[in-house]
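Okay, structure first, notes after.
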Amino acid sequence: MRRAIADAPPELLNWRPAADDTNSLAVIAVHGVTATRFWLSLAITGTAPERNRPAEFRTIVSGAQELLSIVDPLAADCRELLGFDSAFDPGAARVDPRDGTARSAAWTLIHAVSHLHEHVGQAEITRQVWDRGRQA
């Protein structure tokens, strides 16, 4: 995610590649890392931090440094969760606080990783489309 953000101009970070109903790089980054922290927290500790999901999709930044100042602390939280010292019970029940859906801790952990992977790919493609458009 950082590679897509690094040295990106504000126009790129806030650019919606296929109209207003698509997501900018800033939105993808904030949503991707915030959601990862949510799912990792739920998987590993059994509780999830509060988040304002709709606000993630309204993210607008003034530059790469501002975006990284949002993303980096969230990523640090994720790394800390992955270093959690307690034994991980993959079969433990985890309940999504948003809708009460019960899933296993293993499902929740895998979802955290796969969801982030999807958004990293979207960020990379958004950056590639922008860069190629500027070269044409």
Side-chain angles (χ1 to χ4, degrees):
M1 194 70 77
R2 285 185 118 263
R3 277 193 306 265
I5 296 168
D7 73 12
E11 301 80 33
L12 163 57
L13 296 172
N14 298 306
W15 174 62
R16 294 181 180 265
D20 289 342
D21 62 342
T22 61
N23 293 315
S24 68
L25 190 52
V27 166
I28 293 167
V30 169
H31 169 70
V33 180
T34 302
T36 300
R37 183 183 65 163
F38 176 90
W39 288 109
L40 284 177
S41 294
L42 188 59
I44 294 167
T45 70
T47 60
E50 288 188 34
R51 68 188 268 219
N52 183 343
R53 190 175 186 277
E56 296 165 20
F57 291 91
R58 293 189 301 268
T59 300
I60 297 174
V61 295
S62 61
Q65 285 310 112
E66 180 184 1
L67 182 54
L68 291 173
S69 76
I70 298 166
V71 169
D72 283 348
L74 294 166
D77 289 348
C78 293
R79 284 189 296 277
E80 185 175 327
L81 285 162
L82 291 171
F84 198 72
D85 290 333
S86 296
F88 177 72
D89 178 3
R94 299 295 189 239
V95 178
D96 187 335
R98 300 169 306 166
D99 64 9
T101 302
R103 299 179 176 98
S104 70
W107 183 97
T108 308
L109 179 63
I110 291 167
H111 181 69
V113 174
S114 64
H115 185 258
L116 178 61
H117 185 261
E118 175 184 333
H119 288 308
V120 167
Q122 292 169 341
E124 290 172 345
I125 289 170
T126 299
R127 181 70 194 245
Q128 290 170 356
V129 170
W130 174 272
D131 290 345
R132 293 226 171 112
R134 298 297 173 242
Q135 294 170 0

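On a predicted model such as this, the values are computed, not experimentally measured, just so you know. In this chain, numbering begins with 1 at the start of the sequence shown.
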**Item:** Parallel, tilted or perpendicular: ring planes of His119 versus His115, cut at 30 and 60 degrees
**Value:** perpendicular
**Item:** Heavy-atom side-chain proximity of Met1 to Leu116 below 4.5 angstrom
**Value:** yes
**Asked** Rounded to the nearest 0.5 Å, how far apart are CZ of Arg2 and CG of Leu68?
**Response** 4.5 Å
Contacts table for residues 8-15: side-chain donor-acceptor under 3.5 angstrom, sequence neighbours left out:
{"unit_1": "Asn14", "atom_1": "OD1", "unit_2": "Val61", "atom_2": "N", "d": "2.9"}
{"unit_1": "Asn14", "atom_1": "ND2", "unit_2": "Pro10", "atom_2": "O", "d": "3.1"}
{"unit_1": "Asn14", "atom_1": "ND2", "unit_2": "Val61", "atom_2": "O", "d": "2.7"}

**Request:** Could you pull out the closest heavy-atom pair between Glu124 and Arg3, with the gap in Å?
**Result:** OE2-NH2, 3.7 Å
**Item:** Greater than 12 external heavy atoms within 6.0 Å of Asp21's CG
**Value:** yes
**Item:** Flag side-chain contact, heavy atom, 4.5 Å: Val33 against Asp77
**Value:** no
**Asked** Taking the side chain as C-beta and beyond, is there a heavy-atom pair between Trp39 and Arg94 under 4.5 Å?
**Response** no
**Pairing residues for Ala106 by the side-chain contact (heavy atoms from CB on, under 4.5 Å) criterion, not counting sequence neighbours** = Pro90, Ser104
**Asked** Near Glu80 CD, under 6.0 Å, is it more than 12 heavy atoms from other residues, nucleotides or ligands?
**Response** no
**Prompt:** Can Arg79 and Asp72 be counted as an ion pair, charged N to O under 4.0 angstrom?
**Reply:** no
**Closest approach of Leu40 to Cys78 (non-hydrogen atoms, all atoms of both residues)** = CD1-CB, 3.7 Å
**Item:** Nearest non-hydrogen partners of Ala123 and Leu25, listed with the distance
**Value:** CB-CD1, 3.4 Å
**Within-4.5 Å side-chain heavy-atom neighbours: Arg98 and Arg53** = yes
**Request:** Using the side-chain contact (heavy atoms from CB on, under 4.5 Å) rule, take Leu67 and Val30 through it: C-alpha gap first, then chi angles, then the decisive distance, then the call.
**Result:** CA-CA 8 Å; Leu67 182 54; Val30 169; 3.7 Å; yes
**Message:** Would you say that Phe88 contacts Leu109 through its side chain, given a criterion of any heavy-atom pair below 4.5 Å between the two side chains?
**Reply:** yes
**Item:** Test item: Thr34 side-chain N/O and His31 main-chain N/O as donor-acceptor pair under 3.5 Å
**Value:** no
**Asked** Taking all non-hydrogen atoms of both residues, which atom of Ala48 and which atom of Ser41 are closest, and how far apart?
**Response** CA-CB, 4.2 Å
**Item:** Distance in Å, Leu74 CG paired with Arg37 CZ, rounded so as to fall on 0.5 Å steps
**Value:** 5.0 Å
**Asn23: side-chain contact (heavy atoms from CB on, under 4.5 Å) partners, not counting sequence neighbours** = Arg16, Val27, Ile28, Phe57
**Fill in**
Value for CD (Glu66) from CD1 (Ile5), rounded to nearest 0.5 Å, stands at 11.5 Å
**Request:** Return the minimal non-hydrogen interatomic distance between Arg127 and Ala6, and the atom names on each side.
**Result:** NH1-O, 3.0 Å
**Prompt:** Side-chain heavy atoms under 4.5 angstrom apart, residues restricted to Ile, Leu, Val, Met, Phe, Trp, Tyr: same cluster for Phe38 and Trp107?
**Reply:** yes
